[in-house]
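If you're wondering where the values come from, they're calculated on a predicted model, not measured in any experiment. All chains are named by letter (A, B, ...) in the order of the sequence lines, taking the proteins before the strands, and each is independently numbered beginning at 1.
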Amino acid sequence: MSEKRNTKRGGRERSLFDYMRKYDEKDLIKKSDENIVSSDVSSKDSGENIDKNVMIQTSKEETVRNTENIESRIIFIDKVEASPPPSLEEVSYAEDMYILDVAYEGSSGRAVVYLYDENDNKLKIYRDRSGHRPYFYVDIDPSRVKEILREDARYIIDVYRVQKIDLLRKKFVNRTKIVVTDPLSVRRLREKFQNYWEANIKYHHNYIYDMGIIPGLRHKIYNGSITPLYQTDLKKIEDEINRLFNEESEEVRKTAVSWYLLFEEKPPKIKRAAIDIEVYTPIKSRVPNPKTAEYPIVSIALSDVDGRNIVFILLREGIGSVDELKDLGSDVEIRVYSSERDLVLDFFNTIYDYPLIVTFNGDNFDLPYLYERSLRLGISKDFIPIVMKENHATFKHSLHIDLYRFFKNKSIQNYAMEGRYKEHTLDSIATSILGEGKLSREEGVGRMSIGKLARYNLRDAQITLKLTTFQDELIMRLIILIMRISKLGIEDVTRTQVSAWIKNLFYWEHRRNNYFIPNEKEIREIKSKKTTEATIKGKKYAGAIVIEPPQGVFFKVSVLDFASLYPSIIKRWNLSYETIDPAPGECNKTTDILDERGIKIHEVCLDSPGITSVIIGLLRDFRVKIFKKKSKDKNIDPSLRSWYDVVQRALKVYVNASYGVFGHENFPLYAVPVAESVTALGRMIITRTMEKAREMGLLVLYGDTDSLFLWDPEPEKLEKLRQWVLERYGLELEVDKEFRFVAFSLKKNYFGVYQQGGIDIKGLVGKKKNTPKFAKEAFNEILQKISGVEKPEEIVKVREWIKDLVHEIYTKLKNYEYTLDQLSFTVMLSKDVKEYVKNTPQHVKAAMMLIREGVQVSQGDNITFVKVRGKEGVKPIQLAKISEIDLDKYIEILRTTLEQVMLPLSIDWDEISGSVMKLHKFIS
DNA sequence: AACTGTGGCCGTGTAG
DNA sequence: CTACACGGCCACAGTT
C-alpha cells in the first residue's frame, strides 16, 4: 500500500542524485561507521528487556526509567524499526478543508489536491475526478493536427475546435485544443507545430486555473467540481464596495467583491514542526556536501507549534557526558542513540505526525543530506519520507516550506518586512526579526560537546519555528494571503519570486475571463514600438526624473509623495499589453501618452478596461482605500486589525512590484511600450506638478521619481497643490515626511532630521554596507551630533566640534590605532570569479588570493579585504597585517565619507586635513 | 620600454 | 525596472 503510494507521488520526482554513482551499500555503512565512534553504551549491555526499547540513561553508570521530575527528559533509544511514511487519507468529497497545494501525480496521471483539515490537523488528498488532462492550443484545423500527430496517437485524448477571446487582436478566435495523456507529451508534441499557445504552463497550474481553485481558501469538493467556500457576509462587502468604488463600472465592482472575499476569510492554523540537522565535519569551515553525504548526522532537532521540542542526538566518544543534556529545559525531550541509522529512522517516525514541515535551507541542505545519508545507511527508498523534486525537496507525507527561500525573496525582505533584515542567514534574519539569534559557537560541529551541540541544534529549530509564529503567525498568514492572491500552492509560493506570483495571477484571470493566454512571441511582435532612449547606456528605455538638489542645509522641509505613482498611472491611463498602441482601425476611442516634453510617445485604447490596468488598479485601491486604513483603525479589534495589517503588507508586495515585472523582458506579459509609457507619464506628472508649485510660489528643493521636497511651504498653498493634482491627474499627493532640516549633497544623497527627532539617511557612503567600520563610526558620530541641532545658528558650534573629531580620527588612523576589522571592506562577489573577464575588481583580486590559499569562494559570498601598499593593493583580511595597510587610501575613504556630511555644512576637508598633515609630519 | 594622465567602462550598492 | 554615485580598471595617447 505505502509502496504504491510512494511511487505514485514519485512520478514527478527526479532525484538530484540519479546521476551519481551507485554505491556499494555495505561498503558505505562500514565507511560511515569509521566516523561514528560507537559509544560504550551499546545495545548489548543496555536495553534488552526494556519496553519498546526505551530507557533513560542519565550517566554511564546508572540506567533508570523515565521519570518526570528531572529537568529534561532524556531517553536512550536502542533499536528502531523502520516504518514507511503513512499514506495520506484520500477523500472524494470535502466540505470545509483548506486547499494548500496541487501537484501532478505521475503514477495515476492525475492532479492531486492537498487539503488541510482543521478538525483533525491532518493533510489529506483528493485525486481529480473530473477527468481533467493536460492540453495546449494550435492554430491549425483538427484534421491537419491529427495528421501531424499520426504517430503519436496514443498520447492524444482529444482534438477539437475552441473559441475564446484573443485580447491582443481584440476579437474572438478559433483554435484547436489538443488534449493529451500527460504533461510531458505537451512538451514534446508542441514542437511539431510552428505556433502554439499555453503549452509552457505547468500542469498543476493549469489545473488550478481550470477548476477555479484559490489556494489558501476553504473549498467544497463535490462530484468532481471544486468551489471556494466563503463565510464572509456578502451583503456587507457589496455595500462597502459600492460605496468605495462608486466611480467604477459594474464589472469592476463585481470583480472587486470577489477579490475582497480573499482578504476577509480567516486563515487556517496549520500544525507544523521546524526541523534542523547537524552533521559531523572534521574541519570547522567545511560545509558537508549533501550530494555525497559522507559524514554522519550527529544531531537533529525538532520544535513544533504545540510546544514540543525534541533533540535526536548521537552518542559518540569524546563529546562529554550525557549529564550535560540534563538542563536543556523541562519541555525538551532528548533522545540519545548509539546508532546513526536508529536516530534517522526514529526521526522519520516522529515527523509522520506533521502535515507541514518547516526548515531553513532544507531544500539545499537538510533534506537532500538526510535523503542521501539514509541511502548510505542502507535505508530503503520506501522508508525514506523525502522526495527530491526538480527545484526543491519535500516529503511524501507532508508539505515543506523552506524559509531561507521565502525570506530571500526581495519583495518579502523589502516590502513585507520593510527591510528589517539585510542578510539571508538564519542568524541575521532571526536576530533582526525576533531579537534572538543562533547560539554562538567557536568550534565546528565535530568538536562540540554533547550538551553544546544539543543546545545549538535545538535553538536553530526553535528560531526557525518562531519565524513562522511571531506576531500571531504573521509569516504564515502572509503566505496564505499571497497564495490566495497569486493562486499558487504553498510550496510554489514560498519558493518563487514575485514575478511568478504576478504571472500566475494574470494567467488565472485570463482563464477565468475566457481569454487565450498570449504567448511572449506575439506580444513582442505586435507591441514592440519603442520611442524613448535611456539616460544610462545599455538600458532599454527612459526611466524617472531626479532633480538636482542645491548643496546645503535647509530648515523646515516637507516631502510630498504621490501615493503608489506607477500603479496609479497604470490604472488611470488604462495601460495594459493589449490596450497600448492599438492597430489602425481596431479601436474607437484612444488617448495619447505624452511625456514631460509634451511629445506623444504612444497611444492607448479606451474602448474596454485593460486587464493589467484593472487588476493592478484594484490591488492598489484595496490597499490605499481599505486595508491601510483598517490596519490603523483603533475601533477595530486588535487581532482583526493585525490581520488587516498582514493584508495590507501582502498587497504592498504586489503593488510595489507590479511596474517592475512589467518592465522586465523575461516577464511573459512584458511590453516595452507599456513600461516606457508608465515612466514617461511619471516624468510628465512630476514635472507639471513642480512647475505648478513654483508658479504658486512654493520652493522645490529636490525630487526623485515620485517625491517633491518643499522648503518651508505654507499649508494653504500645499493644500491647493494637492487639490490641483487630484483634479488634474486623479492622483493623491500626500505629505509623507516633515523634516526639521535636510542636508543635501548630491542626487540620491542626503540626510534629514525629522521634526520629532530621528535621522533619515539616503545613499550616503557612510550608510553603504561596503564602507569600512572606522569611517562608518565617524560618520554616525557626526550625524548624531548634527541631529541635535534645532536652529540654524547652532550649526556653527557643531562645525567646531566636527573639526575636532575629524582631527582625532585622522590622527588615530595615521598612528595605526584601528584594527584590521575596522578597516576592512566587505563586497559581494556577484558572479563566479572566473566570470570577471573585462575587469578584475579589488574584491575579486582578494577572492583569488583566498582561492590560492585553498579557501572555497563562490558566487554570492561576501569578500572581506583591506587595502594594502604594493602592486596588488588589496589582501583578504585573513592574510593581511596591520602594518601593511595603505594609509592614503584610508584617508581618501574617510574623506569621501565625511565630506558628504560636511560639505552641506560648508566645512572644508582640506582645511582640516591640511593642518593634521602638517602636525603629523612635524611629529615624525 | 616605462611612466603618467585621462576618459570611458565595469562593478557594486543604493533610491525610488 | 532605470537613475545615480563612487572607486578602480583598462586602453590609449603622449612623454621621458
For this session: Compare the minimum distances between each of C:dC6, C:dA3, C:dG8 and the side chain of A:Val765, then state the nucleotide with the smallest one.
Result: C:dC6
Problem set entry | Per A:Tyr659 side chain, nearest of listed nucleotides B:dC10, C:dA3, C:dC1 | C:dC1
For this session: Using the closest heavy atom to pick a nucleotide of DNA chain C for each, name whichever of A:Ala544 or A:Gln900 lands nearer the 5' end.
Result: A:Ala544
Seminar exercise, completed: Per nearest nucleotide of DNA chain C, the residue lying toward the 5' end, A:Pro841 or A:Ala534, is A:Ala534
At 4.0 Å (heavy atoms only), tell me whether [X] reaches a base, stays on the sugar-phosphate, or touches nothing.
X	result
A:Phe562	nothing
A:Leu746	sugar-phosphate
A:Lys748	base
A:Tyr566	nothing
A:Lys845	sugar-phosphate
A:Thr840	sugar-phosphate

Rounded to the nearest Å, what distance is computed from the [atom1] atom of residue [X] to the [atom2] atom of nucleotide [N]?
X	N	atom1	atom2	answer
A:Gln859	B:dG11	CD	P	13 Å
A:Lys871	C:dG8	NZ	C1'	16 Å
A:Asp888	C:dG7	CG	P	14 Å
A:Ile686	C:dT2	CD1	C1'	14 Å
A:Tyr415	B:dA15	OH	C1'	11 Å
A:Lys539	C:dC4	NZ	C1'	11 Å

Check this one for me: any side-chain N or O of [X] less than 4.0 Å away from OP1 or OP2 of [N]?
X	N	value
A:His843	B:dT12	yes
A:Thr896	C:dG7	yes
A:Tyr750	B:dG16	yes

Exercise. Between the side chain of A:Glu732 and the main-chain N/O of A:Phe562, is any donor-acceptor distance below 3.5 Å?
Worked result: no
Exercise. Are A:Lys867 and A:Asp886 within salt-bridge range, i.e. N to O under 4.0 Å?
Worked result: no
Exercise. Taking 4.0 angstrom as the limit, do A:Lys527 and A:Asp581 come out as a salt bridge?
Worked result: no
Are the aromatic ring centres of [X] and [Y] under 6.0 angstrom apart?
X	Y	answer
A:Tyr816	A:Tyr890	no
A:Phe741	A:Phe554	no
A:Tyr702	A:Phe744	yes

Exercise. Is the NZ atom of A:Lys410 crowded by more than 12 outside heavy atoms at less than 6.0 Å?
Worked result: no
Problem set entry | Heavy atoms from other residues, nucleotides or ligands near NZ of A:Lys625 exceed 12 (cutoff 6.0 Å) | yes
Seminar exercise, completed: With sequence neighbours left out, the residues meeting ring-ring contact (aromatic ring centres under 6.0 Å, His included) with A:Tyr566 are A:Tyr659
Problem set entry | A:Ser568 and A:Arg620: side chain donor to acceptor below 3.5 Å | yes
Problem set entry | Any residue of residues 825-836 of chain A with a heavy atom less than 4.0 Å from an atom of DNA chain B | A:Val827, A:Met828, A:Ser830, A:Lys831, A:Tyr836
Problem set entry | Residues within residues 766-782 of chain A bordering DNA chain B, heavy-atom distance below 4.0 Å | A:Lys767, A:Lys768, A:Lys769, A:Asn770
Exercise. With nearest nucleotides of DNA chain B determined for A:Asn749 and A:Lys537 from heavy-atom distances, which residue corresponds to the more 5′ nucleotide?
Worked result: A:Lys537
